[in-house]
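Numbers here are sequence positions counted from 1.
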Amino acid sequence: MDEPRTDLVWLENIEQAVQKAKVEHKSVLASFLGPDWDATSRAVREEVLHTPAFAEYASKRFVCVEIRFPGFRPISPERCKYNTELKNRFQVGSYPSLVLLDANGLPYAQVVGGEELLDANEWIGQLKLTFRVKEKFDALMQDARHSSGMARATLLAHGVELIPENLQLCYEPVMQEIVKMDPDDMLGFAKKLDKLVRHRDQSERLDTLRDLVSDQKFDEADVMVDEMLASTDLLPEMRQKLLARYQMHRYAVRKKDMRKAYEILKAAYDAAPSSEMAPKLKEQLTRMKLYVE
């Protein structure tokens, strides 16, 4: 009997992993982590991804890639740029995240970790569920190949809807085909595609803004923030991030105007009260209210 695997080979390049996956008839597992600044990423890396149980399961099914976002340990500018491009391509917004790709490099599922998910067997259970999604997706795509018109558009739409929303833009050509076959937008994909494209473009502008702030180019950053906030196309979640991360910092830290900062934080919460960020903003508002009153 073969000995259980106790380690995995973790590549750093998605393209290399996809080529290897084609040869070995596997999927690609891309791990997005911030292990030196995010406690959950560090715990998942040590207690899940680098355990014998996970290695035994994953080595037979995946070519693994680790995409790290260090906070204190420097990486080369080229590696930082590459990792950021991957984060944007797959719209990874939480760490740790596992993105699953087929042998053509197209993503089909994502598993997002948290403090409640720190057991290797639980992660393996989540990965098993992703294969069921992939089977359904592949079946719908196969049926679509033998269909045309609205029947084909509907099958393609059902397939894309199985994919997590942050990964759907990787299927932009498929979505464009759906829109073309459905000129009345009965399936709602024209609106969906528009929203996803805007989200991608605005996310890239946020990355540029983050770099400006990191380089302490505050005047340029302020101009960009004001321009984005004035845009009528700005998505509610993006408005929330701009207000909470940048505009509030502008008044709380640089202008020392805590009352104005509190008003901005409240506007940030109100911009998207059901967002992933909203609960943290609500807690912050409660603490800040005691300070400004």
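Contact of the Lys266 side chain with the Leu285 side chain is registered, since non-hydrogen atoms from C-beta on lie closer than 4.5 Å. Considering only heavy atoms from C-beta on, Cys64 stays 4.5 Å or farther from Leu11 through its side chain. Between Val111 and Val99 the shortest side-chain heavy-atom distance does not fall below 4.5 Å. Proximity of Gln91 to Leu167: side-chain heavy atoms (C-beta onward) are nowhere separated by under 4.5 Å. With a 4.5 Å cut-off on side-chain heavy atoms, Lys128 and Tyr57 count as touching. The closest side-chain heavy-atom distance from Leu49 to Leu33 is below 4.5 Å. For the pair Leu29/Val65, no side-chain contact is recorded, criterion being any heavy-atom separation below 4.5 Å from C-beta on. You'll find the side chain of Ser203 reaches within 4.5 Å of the side chain of Met238, heavy atoms only.
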Using the rule given for ring pair (Phe, Tyr, Trp, His ring centres under 6.0 Å), can you reason through Phe137 versus Tyr171, listing the C-alpha separation, both sets of side-chain angles and the distance that settles it, and then say yes or no? CA-CA 12 Å; Phe137 175 84; Tyr171 294 84; 5.5 Å; yes

Does the pair Glu204 and Arg198 meet the rule for a salt bridge (charged side-chain N to carboxylate O under 4.0 Å, His left out), with working shown? CA-CA 10 Å; Glu204 290 174 356; Arg198 283 194 290 148; over 6 Å; no

Residues Leu156, Arg152; criterion side-chain contact (heavy atoms from CB on, under 4.5 Å); working and verdict: CA-CA 6 Å; Leu156 292 175; Arg152 175 176 169 82; 4.0 Å; yes

Going through the distances and angles, do Val112 and Phe32 end up as a side-chain contact (heavy atoms from CB on, under 4.5 Å)? CA-CA 10 Å; Val112 179; Phe32 289 80; over 6 Å; no

Could you give me the CA-CA distance, side-chain angles and deciding distance for Gln247 and Asp226, then say whether side-chain contact (heavy atoms from CB on, under 4.5 Å) is met? CA-CA 9 Å; Gln247 194 77 325; Asp226 291 342; 4.0 Å; yes

Is there a side-chain contact (heavy atoms from CB on, under 4.5 Å) between Asp185 and Lys191 once you walk through the steps? CA-CA 8 Å; Asp185 201 26; Lys191 294 178 182 176; 3.7 Å; yes

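For the pair Lys20 and Glu24, the salt-bridge criterion is met [side-chain N within less than 4.0 Å of a carboxylate O]. A salt bridge is absent between Asp201 and Arg205; no separation between the charged side-chain nitrogens and carboxylate oxygens falls under 4.0 Å. Using a 4.0 Å cut-off between charged nitrogen and carboxylate oxygen, Asp222 and Arg250 count as a salt-bridge pair. Taking 4.0 Å as the cut-off between side-chain N and carboxylate O, Glu237 and Arg245 do not count as a salt-bridged pair. Using a 4.0 Å cut-off between charged side-chain N and carboxylate O, Glu276 and Lys280 make no salt bridge. A salt bridge links Glu172 with Arg200: the closest approach of a Lys/Arg side-chain nitrogen to an acidic carboxylate oxygen falls below 4.0 angstrom. One finds no salt bridge joining Asp38 and Arg42 here, because no Lys/Arg side-chain nitrogen approaches an Asp/Glu carboxylate oxygen to under 4.0 Å.
There is no path of hydrophobic side-chain contacts, each under 4.5 Å, that joins Trp123 to Leu129. At a threshold of 4.5 Å between side-chain heavy atoms, the hydrophobic network of Ile, Leu, Val, Met, Phe, Trp and Tyr places Val223 and Leu229 in two separate groups.
To the nearest 0.5 Å, atoms CD1 (Ile67) and OG (Ser31) are separated by 8.5 Å. We find the CG-CZ distance between Leu100 and Arg61 to be 12.0 Å, quoted to the nearest 0.5 Å. The CG atom of Asp270 lies 10.0 Å from the CG atom of Leu281; values are rounded to the nearest 0.5 Å. Rounded to the nearest 0.5 Å, atoms CD1 (Ile14) and CG (Leu101) are 5.5 Å apart. With rounding to the nearest 0.5 Å, the separation of CE in Met224 from OG1 in Thr208 is 5.5 Å. With values rounded to the nearest 0.5 angstrom, Leu8 atom CG is found 6.0 Å from Ser59 atom OG.
Checking side-chain atoms of Asp184 against main-chain N and O of Met186 turns up no donor-acceptor pair under 3.5 Å. No donor-acceptor pair under 3.5 Å is formed between the side chain of Lys255 and the backbone N or O of Ala252. No donor-acceptor distance shorter than 3.5 angstrom exists from the side chain of Ser214 to the backbone of Asp211, with no hydrogens or angles considered. Of the possible donor and acceptor atoms, one in the side chain of Ser147 sits under 3.5 Å from a partner among the backbone N and O of Asp143. Of the possible polar contacts, one joining the Gln240 side chain to the Ala268 backbone as a donor-acceptor pair under 3.5 Å is found. Between the side chain of Asp257 and the backbone N or O of Tyr251 there is no donor-acceptor pair closer than 3.5 Å. No donor-acceptor pair closer than 3.5 Å links the side chain of Ser97 to the backbone N or O of Gly93. Distance alone, capped at 3.5 Å, places no donor-acceptor pair between the Asp182 side chain and the Met150 backbone. A donor-acceptor pair is defined here as one N or O able to donate and one able to accept, closer than 3.5 Å; no such pair exists between the side chain of Arg239 and the backbone of Ala271. Put simply, the side chain of Asp119 gets close to the backbone of Asn121: a donor and an acceptor are under 3.5 Å apart.
Partners of Arg210 according to the salt bridge (Lys or Arg N to Asp or Glu O under 4.0 Å) rule, which considers only residues two or more places apart in sequence or in another chain, are Asp207. Applying the side chain to side chain donor-acceptor pair (under 3.5 Å) test to Arg45 and every residue at least two apart in sequence or in another chain returns Glu66.
The two residues Ala120 and Ala53 have their closest heavy-atom pair at CB-CB, 4.4 Å. Closest of all the heavy-atom pairs between Ala153 and Ile178 is O-CG1, 4.0 Å. Of all the heavy atoms in Met175 and Leu196, the pair that sits closest is CE-CD1, 3.7 Å. Closest of all the heavy-atom pairs between Val18 and Ala103 is CG1-O, 3.3 Å. Here the closest heavy-atom approach between residue Asn83 and residue Arg68 is recorded as ND2-O, 2.9 Å. What you find for Lys136 and Leu162 is that their closest heavy atoms are CB-CD1, 3.8 Å.
Under the 6.0 Å distance and 45° angle rule, Lys192 counts as a cation-pi partner of Phe189. Stacking of Lys26 on the aromatic ring of Phe62 is not recorded, the 6.0 Å distance cut-off and the 45° axial limit not both being met.
Relative orientation of the Tyr95 and Phe69 rings is tilted, given thresholds of 30° and 60° on the angle between their planes. Taking the six-membered ring where the residue is Trp, His50 and Trp10 present parallel rings, their angle staying beneath 30° rather than reaching 60°. Relative ring orientation between Phe131 and Tyr108 is described as tilted, the plane-to-plane angle lying within the 30° to 60° band.
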